[in-house]
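Because the structure is predicted, anything quoted here is derived from the model rather than measured.
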Amino acid sequence: MVAIISCNSYSPLAASKWINPTLPTKASTFLTTPKYNSHKHVQCQLQNGQKGRPFSLKECAISIILAAELITGIPSLDAYAANPPLPDLSVLISGPPIKDPGALLRYALPINNKAVREVQKPLEDISESLKIAGVKALDSVERNVRQASRALKQGKTLIISGLAEAKKDRGAELLDKLEVGMEELQRTVEDRNRDAVAPKQKELLQYIGDVEEDMVDGFPYEVPEEYKNMPLLKGRAAVDMKVKVKDNPNLEECVFRIVLDGYNAPVTAGNFVDLVQRHFYDGMEIRRVDGFVVQTGDPDGPAEGFIDPSTEKTRTIPLEIMVDGEKAPVYEATLEELGLYKAQTKLPFNAFGTMAMAREEFENNSASSQIFWLLKESELTPSNANILDGRYAVFGYVTENEDFLADVKVGDVIESIKLVSGLDNLVNPSYKIAG
């Protein structure tokens with residue numbers, strides 16, 4: 001199996017290497033890794049109510065690296081001594097990262113409409129307000145709702161003007177539903193019904209996400225010529241991954257909803273959707289779980305990736321990273337190799353359940369079929385100041401039941417991964433070719 005972290009170092013870059021001595025030994029490679037529409041929430045079948053979630057301490061400077069080494073035993077000071085983390089540490093003290101996968105997906109859309117963001121932000125802030133104990137939280141929630149309602153009233157015309165022409169009618173209907181929903185949420189707060197707030201917030205943010213997707217008018221850029229004939233996801237898609245959990249007293253079976261972002265990773269996401277349509281992952285075991293990542297995608301036999309029957313060769317894809325502020329991804333190079341130390345990625349490793357492609361340690365363009373999900377959150381390290389952002393291609397997030405990834409173990413079986421939306425966004429599908 002291609003390992004997510006090599007036997008010697010975690011990153012192929014000139015800086016910030018992460019030593020991990022406890023890796024699988026089949027291969028010495030680090031292979032390498034909104035709510036979408038109105039799909040219903042898929043419940044996991046629990047034996048009891050317990051569930052766990054690991055807590056991540058990553059480097060925030062040399063001192064944080066040392067602390068993480070003492071706590072997790074993963075990072076190594078020796079690697080950092082020869083190669084200091086980042087030349088400019090000011091990036092390490094920026095604001096706190098967004099950790100909600102739905103919010104990350106909303107902000108990753110290729111749109112620029114300030115009015116809709118001013119409605120979105122206070123609705124998202126309700127999650128922070130609900131961290132206050134008891135009904136006192138509702139005072140803060142009420143302020144959030146009033147701010148969002150005011151922003152919608154003042155900016156509705158600008159929001160509608162930002163919709164794609166063919167989607168204006170649908171977008172206007174969604175905004176009407178959003179307006180009614182916020183009035184209902186206001187009454188919920190006035191009734192001091194705390195338990196009803198979060199479900200209503202989720203509904204309203206779904207409307208917001210759908211409106212923002214309706215602002216995208218076609219695919220926003222051209223994929224480079226050398227990759228344009230590969231399977232490409234030109235937009236968003238969603239899959240349900242059903243995992244059969246063995247020997248776990250807490251969990252029997254779980255379905256994870258995953259939203260794939262082809263706007264920011266069309267080659268990477270397209271490759272994955274193509275493999276899903278081939279049923280490549282169905283029946284495959286989870287190969288690695290170490291408290292940091294969950295990894296799968298290594299087929300049985302000597303191959304460490306997908307062998308394309310039409311060529312009888314391993315299909316590989318390039319490293320693909322979208323930088324915030326750019327119109328198209330960069331390919332074949334890490335951001336450090338490009339000297340972009342402060343660059344922010346559009347799809348950061350911030351959320352529990354961030355999904356990315358694994359690859360060989362020293363080969364940027366060696367990703368094939370192995371994928372991983374991050375089990376740690378960046379509590380101390382802001383977005384793009386950790387050792388993963390800009391080095392591995394993120395192409396989606398687990399948006400439902402992500403917490404239960406912590407209960408998955410080596411040997412658990414992916415019963416199936418099924419595409420539930422977005423097939424129309426897949427171009428050049430190789431799975432339709434005979435063989």
Check: R236 side chain, L105 main-chain N or O, donor-acceptor pair, under 3.5 Å: yes
More than 12 heavy atoms of other groups within 6.0 Å of K114 NZ: no
Crowding at NZ, K167 (>12 non-hydrogen neighbours, <6.0 Å): yes
Modelled atom types, side-chain donor and acceptor of S430 and R315, under 3.5 Å: yes
Side chain to side chain, M322 and T345, heavy atoms closer than 4.5 Å: no
Donor-acceptor pair, side chain of D240 and main chain of V255, under 3.5 angstrom: no
Stepwise side-chain hydrogen bond (donor to acceptor under 3.5 Å, both in side chains) check, E304 with S368: CA-CA 8 Å; E304 294 176 355; S368 179; over 6 Å; no
Set of side chain to side chain donor-acceptor pair (under 3.5 Å) partners for K121, sequence neighbours left out: D125
Ring centroid separation Y331 to Y227 under 6.0 Å: yes
Any residue meeting salt bridge (Lys or Arg N to Asp or Glu O under 4.0 Å) with E332, in chain and number order, not counting sequence neighbours: none
Close aromatic pair by centroid cut-off 6.0 Å: F272 and Y281: yes
Pairs touching residues 219-232 that satisfy salt bridge (charged side-chain N to carboxylate O under 4.0 Å, His left out), sequence neighbours left out: E225-K228
Any donor-acceptor pair under 3.5 Å from K99 side chain to F352 backbone: no
Nearest atoms (heavy-atom pairs only) where I159 meets A115: CG1-CB, 3.7 Å
Pairwise side-chain contact, P429 with P231, heavy-atom cut-off 4.5 Å (strictly under): no
Pairing residues for N113 by the side chain to side chain donor-acceptor pair (under 3.5 Å) criterion, not counting sequence neighbours: none
Polar side-chain atom of R257 near backbone of V398 as donor-acceptor pair, under 3.5 Å: no
Any donor-acceptor pair under 3.5 Å from D403 side chain to A406 backbone: no
pair M215-V116: side-chain heavy atoms closer than 4.5 Å: yes
Sidechain-backbone polar pair: D389 side chain, F349 backbone, donor-acceptor under 3.5 Å: yes
Side-chain donor or acceptor of T354 paired with backbone N/O of A351 under 3.5 Å: yes
Trace of the side chain to side chain contact (heavy atoms under 4.5 Å, CB included) decision for V243 with F256: CA-CA 8 Å; V243 178; F256 300 93; 3.8 Å; yes
Beyond-backbone contact of L185 with I126, side-chain heavy atoms, under 4.5 angstrom: yes
Counterpart residues, salt bridge (Lys or Arg N to Asp or Glu O under 4.0 Å), relative to R194 (two or more places apart): none
Under 3.5 Å side-chain donor-acceptor pair for N271 and D274: no
For S140 against S129, the heavy-atom pair lying closest together: OG-OG, 2.7 Å
Side chain to side chain contact (heavy atoms under 4.5 Å, CB included) evaluation trace for T334 with I321: CA-CA 8 Å; T334 68; I321 307 291; over 6 Å; no
Working for salt bridge (Lys or Arg N to Asp or Glu O under 4.0 Å), residues R106 and E213: CA-CA 8 Å; R106 286 187 287 273; E213 290 205 39; over 6 Å; no
Charged N-O contact under 4.0 Å between E212 and R117: yes
Test side chain to side chain donor-acceptor pair (under 3.5 Å) applied to D214 - qualifying residues, sequence neighbours left out: R170
Heavy-atom side-chain proximity of I208 to V119 below 4.5 angstrom: yes
Smallest separation among heavy atoms of E118 and A151, with atom names: O-CB, 3.5 Å
Heavy-atom pair with the smallest gap, counting every atom of N401 and C254: CB-SG, 3.8 Å
pair Y107-Q120: side-chain heavy atoms closer than 4.5 Å: yes
Counterpart residues, ring-ring contact (aromatic ring centres under 6.0 Å, His included), relative to F280 (two or more places apart): F306
Side-chain donor or acceptor of S369 paired with backbone N/O of G297 under 3.5 Å: yes
Sequence-distant partners of D176, salt bridge (Lys or Arg N to Asp or Glu O under 4.0 Å), two or more places apart: K156
Test log, rule side chain to side chain contact (heavy atoms under 4.5 Å, CB included), inputs E402 and I258: CA-CA 9 Å; E402 62 269 23; I258 306 170; over 6 Å; no
Exam field: side chain R278 to backbone V276, donor-acceptor pair closer than 3.5 Å: no
Student check: side-chain heavy atoms of L130 and E128 closer than 4.5 Å: no
For residues 412-420, which side-chain donor-acceptor pairs fall under 3.5 Å, sequence neighbours excluded?
| from | atom 1 | to | atom 2 | distance (Å) |
| --- | --- | --- | --- | --- |
| D412 | OD1 | K246 | N | 2.8 |
| D412 | OD2 | K409 | N | 2.7 |

Any donor-acceptor N or O pair under 3.5 Å, side chains Q370, T296: no
Q206 and L204: CA distance, side-chain angles, deciding distance, side chain to side chain contact (heavy atoms under 4.5 Å, CB included) verdict: CA-CA 5 Å; Q206 182 65 58; L204 299 183; over 6 Å; no
Partners meeting side chain to side chain contact (heavy atoms under 4.5 Å, CB included) with N193 (sequence neighbours left out): T188, D195, A196
Test side chain to side chain donor-acceptor pair (under 3.5 Å) applied to Y397 - qualifying residues, sequence neighbours left out: none
Under 3.5 Å: donor-acceptor pair, side chain of E252, backbone of V245: no
A164 to V216 - nearest heavy-atom pair and separation: CB-O, 4.0 Å
Residue pair N264 / P329, side-chain heavy-atom distance below 4.5 Å: no
Short side-chain donor-acceptor distance under 3.5 Å, E337 and N364: yes
Contacts of E320 that satisfy salt bridge (Lys or Arg N to Asp or Glu O under 4.0 Å) - sequence neighbours left out: none
Minimum heavy-atom distance between L426 and G270, given as atom pair plus value: CD1-O, 3.8 Å
